[in-house]
Amino acid sequence: MPALSPDEWGILLLSMKVSAVAILGVLPPAFALAWLLARREFPGKIVLDSLVHLPLVLPPVVTGWLLLIALGTNEPVGRFLQSAFGITFVFRWTGAALAAAVMALPLMVRAMRLSLEGVDRRLESAARTLGAGRWRTFAAVTLPLSANGVLAALVLGFARSVGEFGATITFASNIPGETQTLPLAIYSALQVPGAEWQVARLAGISVALSLAALVISEWLARRSGQQRGRHVL
Amino acid sequence: MPALSPDEWGILLLSMKVSAVAILGVLPPAFALAWLLARREFPGKIVLDSLVHLPLVLPPVVTGWLLLIALGTNEPVGRFLQSAFGITFVFRWTGAALAAAVMALPLMVRAMRLSLEGVDRRLESAARTLGAGRWRTFAAVTLPLSANGVLAALVLGFARSVGEFGATITFASNIPGETQTLPLAIYSALQVPGAEWQVARLAGISVALSLAALVISEWLARRSGQQRGRHVL
Amino acid sequence: QPTRTAPLVLAAASLQESMNAAADGWARKGHPRPRISFAASSALARQIEAGAPADVFVSADEQWMDEMQKKSLLRPRTRVSFLRNALVLVAPKASSTRLTIAKGMPLAKALGPNGRLAVADTSAVPAGIYAKQSLTALGAWSQVQSRLAPGESVRAALAMVSRGAAPLGIVYATDAKADPGVRIIGTFPERSHQPITYPVALIASSRNPEAEGFRRYLISAEGKAVFRGFGFGTR
Amino acid sequence: MSFDIAVALKRGTRRIECRVETGPGLTALFGPSGAGKTSLLDAVAGLLRPTEGRIEVAGHVLFDRRSRVDLRPEQRQCGYVFQDLRLFPHRTVAQNLRFGWNRRTDAVPGLSWDEALDFLGIAPLLDRMPATLSGGEAQRVAIGRALLSAPRFLLLDEPLASVDAGRREEVLRLIERIRDQLKLPILYVSHDRAEVERLADAIVPIG
Amino acid sequence: MSFDIAVALKRGTRRIECRVETGPGLTALFGPSGAGKTSLLDAVAGLLRPTEGRIEVAGHVLFDRRSRVDLRPEQRQCGYVFQDLRLFPHRTVAQNLRFGWNRRTDAVPGLSWDEALDFLGIAPLLDRMPATLSGGEAQRVAIGRALLSAPRFLLLDEPLASVDAGRREEVLRLIERIRDQLKLPILYVSHDRAEVERLADAIVPIG
Ligand SMILES: Nc1ncnc2c1ncn2[C@@H]1O[C@H](COP(=O)(O)OP(=O)(O)OP(=O)(O)O)[C@@H](O)[C@H]1O
Ligand SMILES: Nc1ncnc2c1ncn2[C@@H]1O[C@H](COP(=O)(O)OP(=O)(O)OP(=O)(O)O)[C@@H](O)[C@H]1O
Ligand SMILES: [Mg+2]
Ligand SMILES: [Mg+2]
């Protein structure tokens with residue numbers, strides 16, 4: 001495969017930016033949701049759970065469309081965000097990041113929830129008797145013990161955002177240099193007869209990107225795994 | 001919301017069939033992959049891991065297209081399957097199920113892998129000393145102790161298949177009664193200006209379907225959780 | 001069992017309503033109602049290439065039909081371009097924008113300071129390609145090239161306008177006509193773009209005896225009348 | 001009084017009632033398996049909420065159903081050696097030991113780090129992960145972690161169960177020193193008569 | 001000979017060499033914490049592969065580096081009471097006890113189910129999940145699970161560490177009966193001198 005063209009570099013860098021911002025931005029709320037779902041019982045829990053799963057269940061185009069309805073510049077919420085904070089999403093790379101974040105959310109929540117459910121609560125109570133309040137217990141015990149899940153969430157979420165198409169194109173449009181991420185470029189290429197080579201190149205770039213993410217995550221997992229060892233008594 | 005029309009019932013039932021077959025069919029290989037990735041070290045592990053993530057990273061349309069290239073009746077593999085076993089996927093509900101299965105695979109593998117990594121290996125060795133061979137140990141200890149992950153995989157996978165659009169329409173087309181699942185029907189409705197109401201109804205059905213799956217899974221989780229209790233010593 | 005003999009028609013997604021109406025008309029004449037799969041023309045063409053057992057292909061542009069023909073996937077002498085469409089400039093219903101479509105029109109100004117022009121992808125989707133041709137011919141392309149909001153399909157572009165996310169958009173006349181949320185500002189001159197035509201053809205591998213009958217119905221006066229009802233031109 | 005406890009506990013379907021009223025020094029809880037010794041310690045540590053009663057340790061009320069006092073575990077400043085140890089598996093031995101150390105704003109002229117490691121014989125283990133420790137090593141680390149957290153009182157649940165005879169003598173001497181010099185109130189659970197008789201200022205039968 | 005063991009083991013960075021050659025009956029392993037007792041039992045059970053040496057129990061070769069014999073754990077038919085118990089957390093006490101029971105095609109005129117439950121005092125616990133057991137209860141269930149699996153020899157790693165004095169007598173009598181009537185070879189780890197002296201036919205110092 002010959003070297004990337006400047007256009008392809010641009011698309012790749014934009015995709016990386018969008019995915020990275022999406023994943024890092026959605027990580028804290030996703031963890032909070034995972035924690036709520038894993039640890040708390042409250043009325044409406046199943047409703048919250050469904051809401052989290054929604055972007056998975058609906059076709060992405062519908063999700064994009066709902067985002068457009070909710071956050072379009074002519075809609076109340078969108079107008080408010082714009083006038084109060086100067087935030088616009090529509091037609092901006094931030095919109096692409098938001099769409100990617102929303103689509104990645106359910107995967108990330110599930111992965112982290114699964115890990116949190118596996119954390120031995122007895123270790124948390126041990127931390128409490130040693131003088132750690134709720135927050136320190138969380139930061140020093142709960143979070144590191146669910147590091148596996150956080151890492152899995154990052155990988156899954158990143159891969160999902162790198163591949164996100166339907167919601168992005170519907171909500172943020174397909175503007176070269178602003179919102180045209182890899183899948184959108186691939187889609188454009190797919191529409192043209194005989195552009196299979198270009199599709200293959202762009203798909204190759206996507207795969208390379210997420211392979212890199214995987215390698216990094218495996219390396220991190222190995223490091224923390226070595227550190228961790230297994231439960232004792 | 002008035003009662004479902006016969007057409008809507010048909011679409012719902014088809015979606016359920018496609019998703020159920022997809023998820024149950026892909027569960028065993030997904031578990032096997034999860035096990036390999038969680039437990040074994042082998043050369044090419046990272047390549048296998050990437051392959052599993054592929055459907056997440058590529059835009060669904062590309063995945064559908066790759067399936068089409070691989071399994072079309074004009075292509076070698078597709079021709080072989082057809083002549084040897086009479087299996088065709090293109091334009092069949094089986095094709096929709098295959099597409100859904102492929103798209104759900106990475107999510108399911110990750111969830112189960114995460115649980116498997118959490119299983120205490122010391123309990124497996126205890127089972128071995130009690131005379132259980134590898135298989136019995138797996139069935140009586142490893143599998144039940146990772147039940148949480150299997151359940152999460154089923155829920156995630158089911159939700160993902162219920163929402164699967166791009167790969168399905170590309171690979172299996174959009175044939176009413178055969179491959180027109182809920183997202184494809186939503187897509188068709190979206191093509192008609194002013195059919196927002198119909199889109200909303202179909203989206204509502206999707207959401208209700210996966211809500212039902214969620215409720216069932218929560219119930220199962222609670223049952224097995226009650227049974228399980230937590231680790232001792 | 002009528003489904004056995006009903007032909008399978010692959011039709012461009014933008015024909016959703018009209019093609020269904022035509023199939024109903026055909027069914028009323030005592031034939032099994034064709035089964036129709038609506039998707040992007042590109043997706044359908046690739047399915048035909050992969051050996052999908054379909055009978056009739058109705059594409060939203062000539063490009064993919066050419067491709068199929070080149071690969072001998074069409075039954076010879078069955079290809080007919082039977083529908084025409086026009087390209088229009090639309091604005092949200094409530095918008096008061098006025099603009100006469102002509103050479104040198106101040107399109108960028110009409111978009112306002114931040115507005116974007118909703119179109120279908122101008123490098124790939126037929127409606128977008130036509131829009132680019134027209135804008136180029138009218139000398140407006142360089143003004144708006146950086147102000148586009150390309151959607152995944154004409155419908156997406158239409159939705160952006162009718163939701164007010166974009167102040168203007170370029171879509172097919174048939175779409176604009178059907179969407180109460182938008183107002184047609186003007187029609188692009190027919191000569192500013194390649195003719196917008198919809199070809200139909202039989203697929204080479206088709207064995208269904210009903211298929212040719214349905215194709216003939218589509219291109220008959222009766223069939224064309226159905227499509228005219230949805231705003232298509234016929235030829 | 002060191003311990004002034006009268007509580008009713010519920011564990012699953014079982015209801016357990018305990019009353020402990022003892023003076024300064026080490027109080028041994030002695031009773032058959034399943035009597036509720038661990039449950040009582042959990043209640044004193046704030047990990048199990050009594051259904052009724054009152055817990056007072058060295059003049060501080062930790063729990064009182066009537067006046068709705070219920071200090072959080074981290075406010076009770078106890079040093080608890082759990083029957084099931086509960087070492088943090090993701091931290092080295094040194095990090096485990098240091099976990100409670102930060103509480104050390106101590107007025108109590110406590111035990112120095114080096115002394116404790118020495119008595120417990122765990123100095124060579126500092127860089128190890130808990131999963132690589134032997135049973136007795138893990139138990140000594142658990143004792144160390146509790147002692148080094150500047151506790152105001154100690155809860156020791158069979159702390160010597162898998163400590164070997166040689167080490168046991170060292171650890172017993174350490175506990176005696178804590179009892180006599182630091183004068184921390186201690187609740188001590190053991191099934192070993194000899195151990196209990198040597199250490200205890202009072203023996204309270206449970207169950 | 002009951003046990004004829006000469007192995008070198010590697011645990012992390014440590015290398016441990018052991019040699020045990022004893023006649024029938026109960027062999028006690030006695031040694032300081034961290035000496036390698038648990039490691040040796042793991043090797044005999046087939047859970048830790050020696051780097052060198054040979055393991056023979058009651059005339060069966062379980063491991064021989066030279067002739068490349070290495071029976072899988074499930075083929076060795078041992079009854080192993082782990083220092084860390086390892087009850088299956090997802091199975092009730094009864095299901096835990098029955099886990100190895102299915103091996104019972106026994107030529108050995110073993111121990112009956114009811115007798116074992118009686119000696120161990122765990123009959124009332126059958127429907128409970130392990131997480132709800134007290135320390136001593138869990139330990140007795142672990143002993144029961146090992147005994148009821150029709151073993152050809154026993155590996156007991158501090159089986160009485162948290163069993164109370166009353167119960168301890170019962171369990172000791174049970175072990176004596178197994179030693180004398182069933183004539184199963186037993187490797188027994190304990191830090192309790194009195195216990196070891198009462199039970200052991202041979203005492204092997206480790207470390
Ligand atoms: N969830 C539960 N359901 C039913 N019974 C329970 C539950 N949790 C604990 N118990 C019972 O409560 C009793 C008290 O347990 P506890 O751990 O306090 O005993 P203990 O005195 O520490 O015993 P040991 O000396 O064996 O450690 C035990 O009989 C135990 O079986
Ligand atoms: N992964 C490891 N890395 C380094 N050392 C290890 C590792 N695993 C075990 N050890 C060491 O091997 C030694 C033997 O451990 P083992 O569990 O066999 O001791 P033990 O004789 O059973 O002691 P105890 O009576 O305390 O249970 C211990 O000193 C332990 O610290
Ligand atoms: Mg206890
Ligand atoms: Mg040991």
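The chains referred to below are lettered A, B, ... by the order of the sequence lines, with proteins before strands, and numbering in each begins at 1. No experiment lies behind these values; they were computed from the predicted model shown.
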How far apart are the closest heavy atoms of [X] and [Y], and which atoms are they?
{"X": "B/R128", "Y": "E/E74", "value": "NE-OE1, 2.7 Å"}
{"X": "B/A126", "Y": "E/R145", "value": "CB-NH2, 4.0 Å"}
{"X": "E/S149", "Y": "B/L130", "value": "CB-CD2, 3.7 Å"}

Subject >> Residue list, side chain to side chain donor-acceptor pair (under 3.5 Å) with E/S67, at least two apart or on another chain >> reply: E/D64

Subject >> Test side chain to side chain donor-acceptor pair (under 3.5 Å) applied to B/S125 - qualifying residues, sequence neighbours left out >> reply: E/R86

Original post:
Taking only heavy atoms into account, what residues of residues 95-104 of chain B are found under 4.5 Å from chain E?
Top reply: none

**OP:** Look at the side chain of E/H90 and the backbone N and O of B/A140, then say whether any donor-acceptor pair between them is shorter than 3.5 Å.
**Re:** yes

Original post:
Would you say the side chain of E/P89 lies within less than 4.5 Å of the side chain of B/L123, judging by non-hydrogen atoms?
Top reply: yes

**OP:** Quick one: pull up CG in E/D42 and CZ in B/R122 and give me the separation to the nearest 0.5 Å.
**Re:** 11.0 Å

Original post:
CZ/E/R91 to CG/B/L145 distance, rounded to the nearest 0.5 angstrom?
Top reply: 9.5 Å

Subject >> chain B-proximal positions within residues 10-25 of chain E [heavy-atom distance under 4.5 Å] >> reply: none

**OP:** Step through the shown structure and confirm whether more than 12 heavy atoms of other residues, nucleotides or ligands are within 6.0 Å of CZ on E/R173.
**Re:** yes

**OP:** Select one option (side chain, backbone, both, neither) describing which atoms of B/R136 are under 4.5 Å from chain E's heavy atoms.
**Re:** side chain

